[in-house]
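Here's the structure, in C-alpha cells; my notes come after.
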Amino acid sequence: MRIFKFGGASVKDADGVRNLVKVLGETGTADTFLVISAMGKTTNAMEGVVDAYFKDKSALPGAIQEVFVYHQEILGELFNSDTHQIYREVQTLFDEIRGFLAWNKSPKYNFVYDQVVCYGELISTTIVSAYLNEVGVKNTWLDIRDFLKTDNKYRDAGIDWKKTQEKVSKGLDRGKLYVSQGFIGSDENNFTTTLGREGSDYTAAILAYCMDANSVTIWKDVPGVLNADPRYFDKSELLNKISYREAIELAFYGASVIHPKTLQPLQRKEIPLHVKSFLKPLDPGTTVGKGEGIDPLVPCFIVKKNQVLMKLSSLDFSFIVEDNISDLFKLLHDYRMKVDMIQNSAISFSVCVDNKFGRLQELLNHLKGKFNVVCHEGVSLYTIRHFDAQSIDSLQNGEEVLLEQRGKETVQLVVKQ
C-alpha cells in the first residue's frame, strides 16, 4: 500500500485535477490511497464563512456563494454536461453547510469552525473521485471521518490511535485505489474535528502507520524539501536525503514542507516519506528515512512570520525561579500559545510565540498583574540548522535583532521587521 497526499495547490483548478490524473498515469494506481486537501485557498474561504457567521450574518450568503462559484467553475471545465450527477452531489454538500449554520445553536467558534471548514475537503475529494471515474480510473471514495477517530479538541484534535487502528483494519482493503480527505476526523459523538492547519500530511502518516504502508509520498509544487523557502530566500537547494531525526528537527522549527506531527508515526515503523513535485513526478525528489543527517550538508533556513516576542521581568527584581516558570508555562498552555523559543535569566524570561488562536491580549492582561511586560508583535523568527558565520550574516543584514540563541547545530534570531 502506498499513501499519496495531494495538497490544495495540486488541485487548485481543473488543470490541477487533470495533472493529478497524469501523475497517477505515470506512477500507477494499484494499492494506492489518495489523501487530498481542499482545492486551492478553499480553507481560507471557508474560514471567511465561519467569520461571517459570527461577525456579520448579512455577509454569510455571499461568503458561501463565493466558494460555490469557485467549485462550479472547476466542474464546468472538467465535466461536459451540467446534468452530470456530480453537480447534484456538490450542491448537496453546500446545502449541508447552509443547513448546519441555520440550525446550529453552539456559540463555540472552534466547534463551528470544524463543522464548516471540513467541507473544503469533502467537496474537493467528491470532485476528484468523480473525475477519475469519468476518465476511466476506477476508485472508491471514503469519508475519512468514519476511520480517523479523535478527541473533541476542536481545531487541534488528538488521534485516538486504538479506535482508528480498529476502524482502518476492519474497513479498508488492499489492492484498491481510495480517494479520501486529509485534515479531518470525528469525535466519539461523530462531530467533525480537524487536526490543525496543514494536517493532511498528518492524515497520510496516520493511515500509513495503521495500514503498514510501504511509503508515503507528499506531492508538492516544489522539487522536494529545500534548504530554504524560495518565497523568502533568494537561493535554495534541494536536499536529496534527510534522516527522520533531522526532518523532525526541521519540522519542529517550522519547515513548511513537512507537517510537524507527520514524521513521528512514520519513524516508529520506519516507513519512508518521499516529497516530490507533481509537475515532474518521475524526478527523485527528497526521501526522508532511516540514516544520519542530511545530504548535502548545507545550512537550512526556516522563517516564521508574524510572531510575538514577550519579555517578562519580575516587578521587585526577585528571581524568576521554578514556581514562576511553571506558572508561565501553564498560562501559555491555557491561552493556547504555541511556544517557538524560550530564553531566561535570573530575573527575566523571554518567549517567542505564535498567537494563532488570537488570545494574546487576554494573556497580556493576566501577565501584567505579576510582571513587567514588553511585547513585540509582528516579529519574524529565523532558525538556521547547521549554521555558519556567512549564513548568520546573510540574515542580520542590518535588521534589528531582538533576541538571539545559539546551540551546537542551531541558531535562532528574533528580528524586528
Side-chain angles (χ1 to χ4, degrees), residues 8 11 35-76 78-79 81-131 133 140-157 167 171 179-197 199-200 203:
V11 290
V35 174
I36 301 175
S37 300
M39 293 176 157
K41 300 295 183 181
T42 297
T43 299
N44 292 340
M46 297 301 284
E47 288 175 342
V49 170
V50 178
D51 287 343
Y53 174 78
F54 280 100
K55 298 175 182 177
D56 182 8
K57 282 191 170 57
S58 66
L60 184 58
I64 297 174
Q65 185 66 15
E66 179 183 340
V67 184
F68 180 75
V69 169
Y70 169 69
H71 288 91
Q72 287 291 301
E73 290 174 351
I74 293 174
L75 288 175
L78 291 176
F79 298 91
S81 171
D82 59 7
T83 61
H84 194 287
Q85 182 180 349
I86 184 61
Y87 283 89
R88 293 191 296 275
E89 293 176 4
V90 171
Q91 180 65 61
T92 297
L93 291 170
F94 277 93
D95 289 344
E96 289 177 8
I97 297 170
R98 295 184 179 97
F100 168 77
L101 293 175
W103 64 254
N104 171 65
K105 302 300 181 183
S106 174
K108 296 180 179 179
Y109 182 93
N110 290 346
F111 171 77
V112 174
Y113 178 103
D114 280 6
Q115 310 319 302
V116 172
V117 171
C118 66
Y119 279 92
E121 273 70 20
L122 294 170
I123 296 164
S124 172
T125 52
T126 298
I127 293 172
V128 171
S129 176
Y131 184 70
N133 283 322
T140 300
W141 182 92
L142 295 175
D143 188 335
I144 203 66
R145 296 174 296 181
D146 294 335
F147 299 90
L148 261 63
K149 306 305 292 184
T150 75
D151 59 24
N152 61 359
K153 189 178 180 182
Y154 299 108
R155 292 185 70 190
D156 193 20
K167 295 281 186 180
V179 175
S180 197
Q181 309 78 37
F183 178 57
I184 64 177
S186 66
D187 63 18
E188 63 180 359
N189 294 313
N190 289 325
F191 286 115
T192 303
T193 56
T194 63
L195 308 181
R197 288 297 298 266
S200 293
T203 302

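Index from 1, following the sequence.
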| remark: d(Ile127 CD1, Gln72 CD) to nearest 0.5 Å is 8.0 Å
| For Asp82, what residues pass the side chain to side chain donor-acceptor pair (under 3.5 Å) criterion, not counting sequence neighbours? | none
| query | Are side-chain heavy atoms of Val117 and Arg155 found at a separation under 4.5 Å? | reply | no
| remark: What one should report as the nearest heavy-atom pair of Ala38 and Glu121 is N-OE2, 3.1 Å
| task | Nearest 0.5 Å please: distance from the CG atom of Leu93 over to the OG1 atom of Thr126. | result | 5.0 Å
| task | Return yes if a side-chain donor-acceptor contact under 3.5 Å exists between Asp51 and Tyr109, otherwise no. | result | yes
| message | Taking CD in Glu188 as the centre, count heavy atoms belonging to other residues, nucleotides or ligands within less than 6.0 Å. Is the count above 12? | response | no
| query | Atom OG1 in Thr203, atom CD1 in Ile36: separation rounded to 0.5 Å? | reply | 12.5 Å
| field | Lys/Arg-Asp/Glu bridge criterion (N-O < 4.0 Å) met for Arg145, Asp143 | value | yes
| task | Using the ring pair (Phe, Tyr, Trp, His ring centres under 6.0 Å) rule, take Phe191 and Phe111 through it: C-alpha gap first, then chi angles, then the decisive distance, then the call. | result | CA-CA 9 Å; Phe191 286 115; Phe111 171 77; 5.1 Å; yes
| note | In this structure, CD1 of Ile184 is separated from OG1 of Thr194 (nearest 0.5 Å) by 9.0 Å
| Can you tell me how far CG of Leu148 sits from OG1 of Thr192, rounded to the nearest 0.5 angstrom? | 12.0 Å
| When rounded to the nearest 0.5 angstrom, what distance separates CD in Gln181 from OH in Tyr119? | 11.5 Å
| request: Check Tyr113 against Glu47 and note the closest heavy-atom contact, atom names and distance. | output: OH-OE2, 2.6 Å
| request: Assess the side chains of Thr193 and Asp114: does a donor N or O sit below 3.5 Å from an acceptor N or O? | output: no
| request: Compute both the distance and the angle, then confirm whether Lys55 meets the cation-pi test with Tyr53: under 6.0 Å from the six-membered ring centre, within 45 degrees of the axis. | output: no
